[in-house]
Number of protein chains: 2
Amino acid sequence: MTTVPTGSRARTRQAILDAAVEVLARNPSASLGDVAVAADVGRTTLHRYFAERSDLITALHALADERLERATARARIDEGPAVAALQRLCREYFDLGDVLSLLFRDQVNCDEETTVCDEGFEELVRRGHTDGSIDPELPALWIQSLLWSQLYAGWSYLAEHGVSRHEVLRLVTRSIGGAVRP
Amino acid sequence: MTTVPTGSRARTRQAILDAAVEVLARNPSASLGDVAVAADVGRTTLHRYFAERSDLITALHALADERLERATARARIDEGPAVAALQRLCREYFDLGDVLSLLFRDQVNCDEETTVCDEGFEELVRRGHTDGSIDPELPALWIQSLLWSQLYAGWSYLAEHGVSRHEVLRLVTRSIGGAVRP
DNA sequence: CCGTAATGGAACACCGCTGTTCCAAATTGG
DNA sequence: CCAATTTGGAACAGCGGTGTTCCATTACGG
C-alpha cells in the first residue's frame with residue numbers, strides 16, 4: 001500500500017504542482033526541467049512524484065477541475081438576479097488565475113468544464129432569458145465562451161499592462177454584464 | 001542576386017505559408033514535417049524556402065501583419081458611428097481566421113498589432129467616448145483586448161460546435177457591441 | 001527536345017527532452 | 001543519535017525534431 005504522505009511528501013507534491021501551473025500556463029510546451037527549476041526541486045524528484053509528463057498533466061487537470069468546482073460553488077449561481085450571478089461567477093473564476101488559463105489553452109472545449117457548468121449555468125442563462133436580463137439571442141454555450149475568453153483577456157491585460165488586479169476585474173465584469181444585456 | 005520567382009516558386013512558397021498557418025494555428029509547436037505534409041511538399045523543399053524554423057515564423061508574421069493591415073484599411077474605422085466602425089473591424093478581422101489566431105496564440109501583446117491599430121483605433125474609441133456610444137469607463141486598450149478575445153472565442157465556437165460562420169459572426173458582433181455600450 | 005530549375009527521398013549528425021538507474025548527501029522523526 | 005525517508009546530481013540510452021548534403025527524378029521554358 002502507498003505510504004500515507006508524511007507531510008513533507010505532500011508539501012513537495014504541491015510545490016511541484018504550483019510551479020507546473022505557473023510554468024505551463026505561460027508555455028504549454030515547457031520542459032519538465034523548467035518545471036523542476038521553478039519548483040526548486042531536482043528533476044529526479046519531479047519524476048519520483050510524477051513518473052511521466054502525462055501523469056503531471058493529469059494531476060494538473062484534476063487540480064484545476066477541483067478548484068473550478070469549488071469556485072463555481074462559491075459563486076452560488078442559482079441565487080439572485082441572473083446577471084449578478086454571472087458576475088459573481090466571473091469574479092470567482094478570475095481569482096483562479098493561471099489555473100484556468102491552463103485549461104483554457106489546452107482545450108477550450110474541455111469536456112470537463114462544459115459538464116461542470118452545464119447543470120447550473122444553463123439554468124442561470126435560462127433565468128436571465130425569461131426575466132429579460134440576458135439577451136435571448138445569445139445561447140448559454142456562447143455566453144460561456146464569452147466568459148472564458150474575457151477572463152483570458154483580463155489575465156493578459158493584467159500581465160501586460162500595469163493595471164491593478166482590481167481594476168481589471170472591474171473591466172471584465174462590466175464588459176461581461178454589458179455583452180449579455182438585451 | 002536572387003532569381004526572380006518564376007511563378008512556380010511563388011506558388012510553392014505560398015502553399016507552404018498557407019499550410020503553415022493552418023497547422024501552426026492549431027498547434028504552435030507542430031513539427032516542420034507536419035507543415036510539409038500539410039503543404040504537400042517534401043521537407044527538403046520546405047527547408048529550401050525557409051532555411052530555419054524561425055525564417056518560416058518570420059514570414060508568417062509578415063504575412064499576418066500584411067493581411068491585418070489590409071483588413072484594418074477595409075474596415076474604414078474612421079468613418080461613421082464608432083460602434084458600427086468597431087463592428088466592421090470585427091467582421092473584417094473575423095474573416096482572417098487562422099491567420100490571426102496565429103498572432104493571438106504566439107503573443108497577445110504582439111508589438112506589431114498594437115501599433116497597427118493604435119493610430120486609428122484609439123481615435124475610434126475616443127469618438128465613441130465623446131458621442132456617448134462607448135462606455136467612457138472602458139479604455140481603448142481594453143476594448144482592443146476584448147475584440148481579440150471575442151474573435152478567438154468566435155473561432156473556437158465555430159470549430160467546436162456545429163454553428164454556421166454567419167451565425168457566429170452575428171454573436172461576436174452583437175456581444176462586442178453590447179460590451180462597449182455605456 | 002534539351003537543359004535548367006524545381007522537387008522529393010534518403011541518409012546523416014546534432015541537439016534537447018524524456019525517462020531511468022545509481023549513489024551520495026541531507027533531512028526528518030522516533 | 002540512529003535509521004528510514006527524502007532528495008538531488010550524474011550518467012545513460014532512446015526518441016523525435018532539426019538542419020544539411022547528396023542524388024535521382026520530374027516539370028518547365030526556350
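Convention: sequence-line order gives letters A, B, ...; per-chain numbering from 1.
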Quick one: do Thr58(B) and Phe50(B) satisfy side chain to side chain contact (heavy atoms under 4.5 Å, CB included)? Show the steps, please. CA-CA 10 Å; Thr58(B) 302; Phe50(B) 305 96; over 6 Å; no
Pick base, sugar-phosphate or nothing for Asp40(A), based on heavy-atom distances below 4.0 Å to the nucleic acid. sugar-phosphate
With a cut-off of under 6.0 Å to the ring centre and 45° to the axis, is Arg9(B) in cation-pi contact with Tyr49(B)? yes
Are there more than 12 heavy atoms of other residues, nucleotides or ligands under 6.0 Å from atom CZ of Arg70(B)? no
What pairs of nitrogen or oxygen atoms, one from the protein and one from nucleotides 19-23 of chain D, lie under 3.5 Å apart?
| unit_1 | atom_1 | unit_2 | atom_2 | d |
| --- | --- | --- | --- | --- |
| dG19(D) | OP2 | Arg53(B) | N | 3.2 |
| dG19(D) | N7 | Arg43(B) | NH1 | 3.1 |
| dG19(D) | O6 | Arg43(B) | NH2 | 3.0 |

Quick one: Arg11(B) CZ to dA6(C) P, roughly how many Å, whole number? 11 Å
Please test His47(B) against Leu32(B) for side chain to side chain contact (heavy atoms under 4.5 Å, CB included), starting from the C-alpha separation and ending with a verdict. CA-CA 9 Å; His47(B) 274 292; Leu32(B) 295 184; 3.9 Å; yes
Under a 4.5 Å cut-off applied to non-hydrogen side-chain atoms, are Thr72(B) and Glu92(B) in contact? no
Are Trp142(A) and Ser175(B) close enough that a side-chain donor and a side-chain acceptor fall under 3.5 Å? yes
Need the bend value for the helix from dC1(C)-dG30(D) to dG30(C)-dC1(D): angle between end axes, 5 pairs each end, nearest 10°. 30°
For Glu167(B), the salt bridge (charged side-chain N to carboxylate O under 4.0 Å, His left out) test, sequence neighbours excluded, returns Arg170(B)
Just to confirm, is there a sub-4.0 Å distance from OP1 or OP2 of dT7(D) to any side-chain nitrogen or oxygen of Thr12(A)? yes
Heavy-atom contacts under 4.0 Å between residues 18-27 of chain B and DNA chain D, which residues? none
Using a cut-off of 4.0 Å on non-hydrogen atoms, how would the nucleic acid contact of Tyr49(A) be classed: base, sugar-phosphate, or nothing? sugar-phosphate
Can a side chain N or O of Ser8(A) be found less than 4.0 Å away from OP1 or OP2 on dT6(D)? no
Evaluate the side-chain proximity of Glu119(B) to Ile77(B): yes if any heavy-atom separation is below 4.5 Å, no if none is. no
NA contact type, Asp55(B), heavy-atom cut-off 4.0 Å: base, sugar-phosphate, or nothing? nothing
Find the distance Ile16(A):CD1 to dT6(D):P and express it as a whole number of Å. 13 Å
Here the distance between atom C1' of dT6(D) and atom CZ of Arg13(A), to the nearest Å, is 16 Å
Under the salt bridge (charged side-chain N to carboxylate O under 4.0 Å, His left out) rule, collect the residues that match up with Asp34(B), sequence neighbours excluded. none
Which residues share a salt bridge (charged side-chain N to carboxylate O under 4.0 Å, His left out) with Glu22(B), sequence neighbours left out: none
Search all heavy atoms of Leu138(B) against all heavy atoms of Arg174(A) and return the closest pair with its distance. CD2-CD, 3.8 Å
To the nearest angstrom, how far is Leu46(A) atom CG from dT20(C) atom P? 12 Å
